[in-house]
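Before any comments, here is the structure.
As the structure lists them, so they are numbered: ligands from 1, and atoms in each ligand from 1.
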Amino acid sequence: MAGWIRCGRRVVLGALVPLLALALAGCGITGGEVQSANETFADNAESIWNLFVPIFWLSVVIFVLVQGALIWAVIKFRYRDGDPPPPQLHGNTKVEVAWTIAPAVILAIILVPTITTIADLASEPDEPYTVDVIGHQWWWEFEYEDEGFKTGNVLHVPADQPIHLRMTAADVIHSFYAPQLFGKQDTIPGRTTNIYFTPEEPGEYYGQCYEFCGLQHANMMFRIVVHEPGDFEAWVADQQDGAPDPEPDTLEARGKEVFFQPGAACHACHAIDGAVAEDGTEAVAEVGPNLTNIGERPILGAGALENTPENLHDWIRDPQESKPGNEMPSFSQDAISDEDLEALVAYLSSLQSERADAD
Ligand code: CUA
């Protein structure tokens with residue numbers, strides 16, 4: 001018997017270890033770190049957790065009672081040789097009424113805190129700071145309308161300030177969710193949905209799209225950087241200043257030319273606030289993410305890659321390699337030579353606000 005149990009345990013462990021390895025491998029993606037709803041850093045996520053915990057324990061009690069009764073009945077009333085057929089209870093009104101009313105009462109009890117929490121999360125706080133969130137296949141656009149700038153895939157907000165995310169989508173339905181900060185909310189083309197939350201602690205938080213939205217749904221991640229209040233204002237001022245212009249006759253200056261030249265024509269899809277070509281062309285297109293200060297973003301391709309010069313090089317040469325199906329075309333040697341690509345990567349990596357340089 002003991003040997004059988006040990007063998008059984010080995011079988012269970014043998015099955016669990018590869019499953020666990022598979023699950024952990026899934027956590028290795030760039031944007032996948034700590035997306036845990038049980039470590040909360042904002043009021044919104046906290047009220048959801050505070051609703052979840054009592055319902056979870058209530059469910060545990062019901063599970064144990066129901067399964068306990070089931071096991072007890074199976075053992076106590078098991079068939080023994082010579083037993084007559086048991087009495088049939090089909091259509092017993094008392095039992096039918098009891099097991100209809102009991103779950104209804106339990107659901108009615110759960111309904112009260114659930115509706116209160118939903119109403120609470122949907123109510124607009126006093127004087128929130130508003131950021132527009134637009135879901136795209138497959139990246140996130142963040143617009144600071146009053147401040148007059150946009151950014152991509154990394155949302156910056158101040159701590160201890162109610163935040164209002166005013167959300168929509170450009171193409172299909174997506175869902176915006178950062179478990180440590182707030183509950184998930186769909187972003188829907190032609191409609192506005194809202195998330196209200198007050199981040200409590202400065203730091204970097206992870207989130208991603210939670211509504212299947214096509215081939216690269218899994219690579220539609222984002223970060224939320226929560227700043228100390230004074231630090232946030234400095235960040236806003238940096239974004240309003242636009243991108244720094246490279247020193248003349250440098251690799252970066254050559255890279256800026258490549259950005260506008262016909263082979264690459266990055267400006268046909270991307271904006272860089274303040275970047276103007278020698279012939280006066282401005283980078284103002286809005287097909288892909290705004291690249292102002294892209295050099296200080298931690299991720300590329302909405303979390304498909306970490307933002308390093310090597311990854312940026314590979315990303316521009318062949319974005320279809322790491323994120324198949326995305327809108328950005330690959331660039332052959334004919335379109336951008338190796339030297340030009342090196343210059344372009346140097347230019348884009350240099351697009352950092354002065355504050356980032358000083359860090
Ligand atoms: Cu966007 Cu899934």
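- Classification of Lys256 and Asp245 as a salt-bridged pair holds, one side-chain N sitting under 4.0 Å from a carboxylate O.
- Glu278 CD: 12 or fewer foreign heavy atoms inside a 6.0 Å radius.
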For residues 95-112, tabulate all N or O donor-acceptor pairs below 3.5 Å that involve a side-chain atom, not counting sequence neighbours.
unit_1	atom_1	unit_2	atom_2	d
Thr100	OG1	Glu96	O	2.7

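- Taking distances strictly below 2.8 Å, the protein N/O/S atoms close to atom 1 (Cu) of ligand 1 are His174 ND1, Cys209 SG, Cys213 SG, Met220 SD.
- In terms of the salt bridge (charged side-chain N to carboxylate O under 4.0 Å, His left out) criterion, Lys184 has no residue partners (sequence neighbours excluded).
- Asp146 pairs by the salt bridge (charged side-chain N to carboxylate O under 4.0 Å, His left out) definition with nothing, not counting sequence neighbours.
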request  = Under the ring-ring contact (aromatic ring centres under 6.0 Å, His included) rule, what do Trp72 and Phe77 come out as? Steps first, then yes or no, please.
outcome  = CA-CA 8 Å; Trp72 174 78; Phe77 301 109; 5.7 Å; yes

